[in-house]
Peer 1: 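Just dropping this structure here.
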Amino acid sequence: MYHRFDAVIVGAGGAGLMAAAQLAGKCNVAVISKLYPVRSHTGAAQGGIAAALANVEEDHWIWHMFDTVKGGDYLVDQDAAEVLAREAIDAIIELEHWGFPFNRLPDGRIDQRRFGGHTRNFGEAPVRRSCYAADRTGHMILQTLYQQSIKNQVVFFDEFMMLDLLLTDDGVCTGVVALDIETGELHIFHAKAVLLATGGFGRVYKVTSNALSLTGDGVAIVFRRGLPLEDMEFYQFHPTGIYKLGILLSEACRGEGGILRNGLGERFMERYAPTLLDLAPRDVVSRSIYLEIREGRGVEGKDYVYLDLTHLPKEVIETKLADNTDFVRTYLGLDPVTDPIPIQPTAHYAMGGIPTDVDGRVTIDAQNTPVPGLYAAGECACVSVHGANRLGTNSLVDLVVFGRRAGRHMLQFVQENDLHPLPKEPDYRARAEIEWILENEGEEKVATIRTELQEAMMADASVFRTGDGLRRMQDKLVELRNRFTRISIDDRSRTFNTDLVEAIELGYLLDCAEAIVACALAREESRGAHYREDFPQRDDANWLKHTLVTRTSGGLELSYKPVIITRFQPKERTY
Amino acid sequence: MSAPRPRVGRERPAGGFELYSWYFFRISGLLLIFLAITHVVIMHVINTVDEIDWNFVADRWGSPFWRAFDWLMLFLALLHGLNGARLAVDDYIRARGWRIFAHSILWSAAVIFLIIGSIAVLTFDPSAFQAASTAAGS
Amino acid sequence: MTTGTVPTQERGPATAGTRGIAAYRGYRPPVGMLSWALHRITGLGVLLFLLLHIVDIFLVGYGPETFNELLFIYRHPVFRIGEIILVAGLYYHAANGVRIILIDFWEKAYRFERQLFYGVIAVFLAGFLPTAFFMIRAMVR
Amino acid sequence: MQVTLRIQRFNPETDTKPHYREYTVEVEPTDRVLDALNQVKWYQDGSLTYRRSCAHGICGSDAMRINGRNRLACKVLIKDLGPKITIEPLLGFKVIKDLVVDLEPFFAQYRAVMPYLINDEPPPTRERRQTPEERELIEDTSKCILCACCTSACPIFWTTEWLGPAAIVNGHRFLFDSRDRATEERLAILNQRFGVWRCRTIFNCTEACPRGIQVTHAIEQVKRRILFEQS
Ligand SMILES: Cc1cc2nc3c(=O)[nH]c(=O)nc-3n(C[C@H](O)[C@H](O)[C@H](O)COP(=O)(O)OP(=O)(O)OC[C@H]3O[C@@H](n4cnc5c(N)ncnc54)[C@H](O)[C@@H]3O)c2cc1C
Ligand code: HEM
Ligand code: SF4
Ligand code: F3S
Ligand code: FES
C-alpha cells in the first residue's frame, strides 16, 4: 500500500511524539510505531528530567552544561550540550502547559530533587535540578505527549514496523517501508522528511533494563543503508539491575544510604572508590561490581552481588523507595527491609547512534554534511550530548529538546521542499527480507542465536573490554551471522507474525553488535563507559574524537570526527 | 483516516435520564427497605399466611394509612424493579430491534401493572362485599 | 492504525473471543462480582414475584370468594418454600442495596469493599434467620 | 520446576474457532508467566503469538487472562499460580491471533473522553501553579498505563457498549486536574447514556488493575462530581 505524507516519524517514544507535536496541524504528518505509542520504553524512565529551573535553589543552565560535559568525560559536543541545557528550561515549561503532572512545591511551582552528577557551581556540591513526577517521570512524559497527539489529531500507524529507509542514489531521503504487523502487508510511506526515533538497543546484551522490543531497528537500518554510526562503543551499564531480570533499581537506593556487598559480605567499593564509595559515578561502580564477580567474589560464586538496604529505616524503604521496593517484592519475593537484594550491572543506555546535528539532521561525515530529509532524535540518535557517559535524567531532556528541534526543523524543511520521487521498486529490499525469512529452511533457531549473542556480548563487550575479548567477539559475530542465514521460523502465516518480527529484530541486533565491537576494538583508551583493561588511561592526545563507523562492501570502515569544544577544556574527571 | 475534531465549546452536562434513574434507584431503594420489610414482617412474622384471607385484607385496607402504605410500596417497587429490568435489557440485548421491543414491553408492563395495582389498592370498597357476606353468613 | 478522536465506539465482528453472556463463564469472580450477580438475580426475582402479586391483589376487588379460592396457592408448601426464598432474596437485595449506596456516597467506602460485603452477609443472616424461623414454624404447624 | 501451560490458540488463517494447546516448560518458580510464554515461543512453538515489551509491568502490552483473571503476564510469578496455568486472551475484544486482541475499540473509548489537558487561557511564561494537594487528586489515576485489564474485567463491558473503566479513569485524570478548564464538556460526555452510570460498582476493574489504581473509587468520584455539579 502506498501513502504520501509531508513528514513521517518512526517511533512513538518521547522523541518521536515530541517531534510530532511540532508538526501536527501544520503539515501532513504520520507516526509509525511497532508498538502502541503508550507502550514505548520512555514509559519506563523513573528518576526525572533535568532543567535548571532554579525553583528550589540557585541554578544556571551553564552549570547544567558543565555537568553534562564532565559527566560525558569531555567527549560531549559542547555546542549541543549548551543547546540542551538552555532549552531544557523551555521544554519543561512547555510540557507543564500540556498537562504534565509534576510534583509540586507548596507554593505550586515544580519541585526539583538531586540526582547523580548534577552539581552547583561547576562541581561544588549536589544541586536540586531534576523535575519529576513521583518515580514515573518517563511514564508521564509518554502519556502527556500521547495525549497531545490525540488532541492534535496526529495520524498513527500503530504496530507498523519500519523495515527499510528509502534513499535515492543521490542520497535524498524519500520515505520508509513498513510492515503492518497485523496483516503482514508492506506499506510504502512516501514523504519529504523522515524522523527516526526508534530508541535504544539494550537487547544486544543479556542483562538489560531495556524492553524486549528495543533492538536498535532505526540504528541498524541506517547502518545497512551505508550511513555512518557515531560513538557506538559507548554503552552505559547501570550498576544496580535486579539479578537476571535487569530491571532497574534507581540510583536513589544508594543515595538513601544503600551499600553494595560482595559474596563475602564486604563493602567492596572501599577498594575501588575510597572516598565516594557506593555513590561513585555509574561507570565506576559498574566496573567494580563486574570485577568482584570476575574474581569469584560474587554471591555463591555466581554473577551477582548484593544491594543492602537492611540497615535503613523501614519508612525510608517503604516511602522514598516505594516503587523499587515493589519491584523487589514482586519479582524476587524478597523484602528489602530484611533481605539484601541480588543485583548486577544492567545494560541501560546507548550514548552512540545515528549522528545528527543540533537540529536533528542526520549527518554523514566529519564535516556534518546532512542527508536531505532525514532526521533522528532520542536514544537512537547521537547529537553527542552524552559523550562517553550519560548523566541520569539527561536522556529525557535529550528527547524533548532535540525531538522538538528536529520537529521544528522538519516543518521548515517540508514547507520549503518538494516531494522527491521514490526510487524504483521501493519495497524490493523489505519484501526480499520478509520472503527470505518466511521461506528459509534451516536448522538454526532465532532464540538460540540471540541468546548466544547476548551472552557473548555480555562477556566480551560490556563493562570490561580487552583487545582479545573483542576480537573473540568479532569471530563470534561472524559465526552467528553465518548461522543466521540458516534459520527457520515456525510461523509462516501473515497475520501478526511475531516469529517473523523477532527474526528481523535479531538481524538488527547483529548489526548493532558488529558496530559496537568494531568501534570498541579500535578505541585504544578508556573513557567514560568504554573501559579497556589493556588501555586503562584516558588518552586525549589521540582519542579526543568521535568514532564514525560505516558499512561498505569491503567491511566496516572507521573514521573520526573532532569533538566540539567551546567553553570547557578537558580536565581530569574526578568527583 | 482523520476524524472530526471533538466539540470544544462549553456545554452544561445534560441532566441525563441515566442520572435520574440512578438517583431514583437509591431513593426508592431506601424507602423500600422500610416499606417492603415492614410488609414482610406483618405478613410472615406477626401473622402467617394461614391467617391471611380476604377479610384480613379488607380490614387492613379499612385504614387509609395502610392503603397509602401499600400503594406507595407498589408504586416504588414496580418502577424500581422495572427500571432494574431495563438495565438488564440494555446489558444483554444488543440487537437494536430486540432492544426496542424489550423496552416497549417493559414500559407497557409498568403502565399496565401500575393501573391494575392502583385500581386494586385505591378503588377497593369492602362494604360492597361485606354487606353481601354478612347477609350470606347469617 | 489509529487516528484522532473518534467519539463513538467501533467494534469489528467477533471472529473469535468471548463476548456477551458467555464471557461470564471464563472469568473468575472476586466478591464484587458475586455480590452484583446476586443483587441482579434477586432484584429480578423479586420483580417477577411483585408482578404476580399485583395480579392476585387485583382479585381482592372481585370479592371474598374469588380471592379466597386463590389463597390455596399461598398455602401450598411449594409456594411457601418459594416465599422463603423470596424473602431471602429481598433481604439480601436490601442489605446489598445499602452497601451500594454507601459506596456511592461515602468517600472512603471503597477501602472496605470486602468488609462491606461481609457486613451485607451478616445483616442478611441477622434479618433472614428469624424471619425464616417464623415462616417455617407457621408452615409445619 | 515443570509447569503446564494451557493456552488458547487461534490463527485466523487456518482456524474457525479458538482451541487450547498444552505446553510443558521448565521454569524457575520465581520466573514470570511471560518468561514461560517466551520459553514456549522461543524453543517449542514459534507460532505462539502475544504482545510484550517492557517485561516489568509498566508498558501494558501483555494483559491477558491468566487462570481466569486479567493480569500482566510479566507481573505474575509462576510460584503464585501452581503447576497448571491457563492462559487466554482478554475478554470482550476481537481476537486477532492467539493472545493478541484488537484494542482499537479500547483506544476509541479512551479518545472519547478527551484525554488531554484543555485550557484555552494564555499560559503564563513559567509553569501554571498547582499545589501539592491539588496534584494529589490526580496521583492515582495518572498512573494508568492503558493496559485494558480493567475494562476487559468488567461484566458490563462484556455484554454491552459503554465507556468502560479505563476511559473513565483517564477522564478522571483531567476532571480532577486543577489546571483543566473543560469540566463541563467532560462531565457531559461521562454523563451520557453509555457513561459512568453504567457502572454497577462491581469492583472487578479495581481487582484487575496491575497498577493498583482504585478504579471504582475514581468512577464513583466522577459520579459524585456529576451529581453535585448538577444541582
Ligand atoms: C529503566 C529505565 C529507566 C530510565 N530512567 C531514566 C531517567 O530517569 N531519566 C532519563 O533522563 N532517562 C532515563 N532512561 C533513559 C530514557 O528513558 C530512554 O533513553 C528514552 O526514553 C528513549 O526514548 P526514545 O523516544 O528515543 O525511544 P523509546 O521510548 O524507546 O521509543 C522507541 C519507539 O520506536 C518504535 N520503534 C522501534 N523500532 C521500530 C521499527 N522498526 N518500526 C517502527 N517503530 C519502531 C517503538 O515502537 C517505540 O515507539 C531510562 C531508561 C530505562 C530503560
Ligand atoms: C428493599 C429495599 C431495596 C433496596 C435498598 C434496593 C436497592 C437497589 C439499588 C441501590 C439498586 C441499584 C443498583 C445499582 O445501581 O448498581 C437496585 C437495583 C435493582 N433493584 Fe432494588 N432495592 C430494593 C428493593 C427492590 C425490590 C422490591 C425489587 C423488585 C421489585 C428490586 C429490584 C431491583 C432490580 C431488578 C435492580 C437492578 C439490578 C441491576 O441492574 O443490577 N429492588 N436496588
Ligand atoms: S486503570 Fe489500571 S487496569 Fe485499567 S487500563 Fe489503567 S492501568 Fe490498566
Ligand atoms: S468492574 Fe465494571 S461495573 Fe464498575 S466498578 Fe468496575 S467498572
Ligand atoms: S511487557 Fe510491559 S507490561 Fe508486561
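Everything quoted here is computed from the prediction, not taken from an experiment. First the proteins, then the strands, lettered A, B, ... as listed; each starts at 1.
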Peer 1: Provide the closest heavy-atom pair for D/Ala167 versus D/Gln109 in the form atom of the first, atom of the second, distance.
Peer 2: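 Scanning both residues, the minimum pair turns out to be CB-O, 3.5 Å.
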
Peer 1: Does A/Arg113 make a cation-pi contact with A/Tyr132 (under 6.0 Å, within 45 degrees of the axis)?
Peer 2: yes

Peer 1: Picking from A/Asp111, A/Leu214, A/Asn103, which has the most non-hydrogen pairs under 4.5 angstrom with chain D?
Peer 2: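 Looking at each option in turn, the highest pair count goes to A/Asn103.
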
Peer 1: Heavy-atom distance under 4.5 Å to chain A: side chain of D/Tyr50, backbone, both or neither?
Peer 2: backbone

Peer 1: Do any of residues 27-38 of chain D come closer than 4.5 Å to chain A, heavy atom to heavy atom, and if so which ones, in number order?
Peer 2: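 Hits under 4.5 Å: D/Glu28, D/Thr30, D/Arg32, D/Leu34, D/Asn38.
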
Peer 1: Between D/Thr125 and chain A, with a heavy-atom cut-off of 4.5 Å, which part of the residue counts as in contact: side chain, backbone, both or neither?
Peer 2: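 Looking at D/Thr125, just its backbone touches chain A.
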
Peer 1: So which residue, A/Pro101, A/Ala133, A/Gly43, A/Ala44, ends up with the most heavy-atom pairs under 4.5 Å with chain D?
Peer 2: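 Maximum pair count with chain D is reached by A/Pro101.
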
Peer 1: Identify which part of D/Asn11 has an atom lying under 4.5 Å from any heavy atom of chain A, answering side chain, backbone, both or neither.
Peer 2: side chain

Peer 1: If you tally heavy-atom pairs under 4.5 Å against chain D, which of A/Thr144, A/Leu212, A/Asp490 wins?
Peer 2: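 Top option by heavy-atom pairs under 4.5 Å: A/Leu212.
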
Peer 1: Taking D/Glu127 first and then A/Arg109, would you say they form a salt bridge - that is, a charged N and a carboxylate O separated by under 4.0 Å?
Peer 2: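 Answer for the salt bridge query: no.
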
Peer 1: List for me each residue that meets ring pair (Phe, Tyr, Trp, His ring centres under 6.0 Å) alongside D/Tyr23, sequence neighbours excluded, and say none if there are none.
Peer 2: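 For D/Tyr23, no residue satisfies ring pair (Phe, Tyr, Trp, His ring centres under 6.0 Å) once neighbours in sequence are set aside.
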
Peer 1: Closer than 4.0 angstrom, basic N to acidic O: yes or no for D/Asp80 and D/Lys75?
Peer 2: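 Here D/Asp80 does not pair with D/Lys75 in a salt bridge, since their nearest N and O are not under 4.0 Å apart.
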
Peer 1: Side chain, backbone, both or neither: which part of A/Ile247 has a heavy atom under 4.5 Å from chain D?
Peer 2: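 Side chain of A/Ile247 only, per the 4.5 Å heavy-atom cut-off to chain D.
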
Peer 1: Can you tell me which portion of D/Ile145 sits under 4.5 Å from chain A's heavy atoms? Options are side chain, backbone, both or neither.
Peer 2: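 Both backbone and side chain.
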
Peer 1: Run the ring pair (Phe, Tyr, Trp, His ring centres under 6.0 Å) test against A/His238 and tell me which residues pass, sequence neighbours left out.
Peer 2: A/His348

Peer 1: Under 4.5 Å, counting heavy-atom pairs only, tell me which of A/Leu35, A/Ile110, A/Thr330 racks up the most with chain D.
Peer 2: A/Ile110

Peer 1: Let me know if A/Arg136 has heavy atoms under 4.5 Å from chain D in its side chain, its backbone, both or neither.
Peer 2: side chain

Peer 1: Taking atom types as modelled, is there a side-chain donor on D/His172 or D/Gln221 under 3.5 Å from an acceptor on the other?
Peer 2: yes

Peer 1: Given D/Tyr116 and A/Ile150, is the side chain to side chain contact (heavy atoms under 4.5 Å, CB included) satisfied, shown in steps?
Peer 2: CA-CA 8 Å; D/Tyr116 38 82; A/Ile150 289 174; 3.9 Å; yes

Peer 1: I'd like to verify something: which residue of A/Asn497, A/Leu500, A/Leu245, A/Ile489 has the highest number of heavy-atom pairs under 4.5 Å with chain D?
Peer 2: A/Leu245

Peer 1: Given a strict heavy-atom distance threshold of 4.5 Å, which part of A/Val446 is in contact with chain D: side chain, backbone, both, or neither?
Peer 2: neither

Peer 1: Name the member of D/Arg173, D/Glu133, D/Arg126 that forms the most heavy-atom pairs with chain A at distances under 4.5 Å.
Peer 2: D/Arg126

Peer 1: Looking only at the side chains, is there a donor atom on one of A/Tyr243 and A/Thr346 sitting less than 3.5 Å from an acceptor on the other?
Peer 2: no

Peer 1: Determine the option with the most heavy-atom pairs under 4.5 angstrom with chain A, choosing from D/Ser142, D/Pro132, D/Ser53.
Peer 2: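 Sorted descending by pairs with chain A, the first entry is D/Ser53.
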
Peer 1: Between A/Ala134, A/Pro106, A/Ser40, A/Gly333, who has the most heavy-atom pairs with chain D when the cutoff is under 4.5 Å?
Peer 2: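 Looking at each of A/Ala134, A/Pro106, A/Ser40, A/Gly333 in turn, A/Pro106 comes out on top.
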
Peer 1: Answer yes or no: is there an ion pair linking D/Lys41 with D/Asp98, defined by an N-O contact shorter than 4.0 Å?
Peer 2: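 No salt bridge links D/Lys41 with D/Asp98.
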
Peer 1: Give a yes or no on this: more than 12 heavy atoms of other residues, nucleotides or ligands lie within 6.0 Å of atom NZ of A/Lys206.
Peer 2: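 Not buried by this count: 12 neighbours or fewer within 6.0 Å.
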
Peer 1: How are the rings of A/Tyr36 and D/Phe107 set relative to one another: parallel (under 30°), tilted (30 to 60°) or perpendicular (over 60°)?
Peer 2: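 Aromatic pair A/Tyr36/D/Phe107 classed parallel.
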
Peer 1: Verify the distance criterion only: is there a donor paired with an acceptor across the side chains of D/Ser152 and D/Asn70 at less than 3.5 Å?
Peer 2: yes

Peer 1: Using non-hydrogen atoms and a 4.5 Å limit, figure out which bit of D/Glu139 sits close to chain A: side chain, backbone, both or neither.
Peer 2: both

Peer 1: Between D/Ser47 and A/Arg492, is there a side-chain donor-acceptor contact under 3.5 Å, judged purely by atom types and distance?
Peer 2: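 Looking only at side-chain atoms, D/Ser47 and A/Arg492 do not form any donor-acceptor pair under 3.5 Å.
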
Peer 1: Does either side chain, that of D/Gln130 or that of D/Asp177, offer a donor lying less than 3.5 Å from an acceptor on the other one?
Peer 2: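 A pair is found: one side chain offers a donor N or O, the other an acceptor, under 3.5 Å apart.
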
Peer 1: Would you confirm whether the ring centroid of D/His56 sits within less than 6.0 angstrom of the ring centroid of A/Phe327?
Peer 2: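 So the answer is yes for these two rings.
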
Peer 1: D/Phe176 ring centre to D/Arg225 NZ or CZ under 6.0 Å, with the angle to the axis within 45°?
Peer 2: yes

Peer 1: Counting only heavy atoms closer than 4.5 Å, note whether A/Phe102 contacts chain D via side chain, backbone, both or neither.
Peer 2: backbone

Peer 1: Which atoms of D/Leu146 come close to chain A, meaning under 4.5 Å heavy atom to heavy atom: side chain ones, backbone ones, both, or neither?
Peer 2: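 For D/Leu146, heavy atoms of backbone and side chain both lie under 4.5 Å from chain A.
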
Peer 1: Run the salt-bridge test on D/Glu104 and D/Arg111 with the 4.0 Å N-O cut-off and return the result as yes or no.
Peer 2: yes

Peer 1: Give me the contact list for residues 89-98 of chain A versus chain D, heavy atoms only, anything under 4.5 Å, ordered by residue number.
Peer 2: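 At a heavy-atom separation under 4.5 Å, chain D is reached by A/Ile89, A/Ile93, A/Glu96, A/His97, A/Trp98.
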
Peer 1: Are any side-chain N or O atoms of A/Thr448 and backbone N or O atoms of A/Glu444, one a donor and one an acceptor, separated by less than 3.5 Å?
Peer 2: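 The answer is no, because no donor-acceptor pair under 3.5 Å joins these two groups.
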
Peer 1: Using non-hydrogen atoms and a 4.5 Å limit, figure out which bit of A/Thr451 sits close to chain D: side chain, backbone, both or neither.
Peer 2: side chain

Peer 1: At a heavy-atom separation under 4.5 Å, does A/Asp326 approach chain D through its side chain, its backbone, both, or neither?
Peer 2: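 Answer is side chain: those atoms of A/Asp326 sit under 4.5 Å from chain D.
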
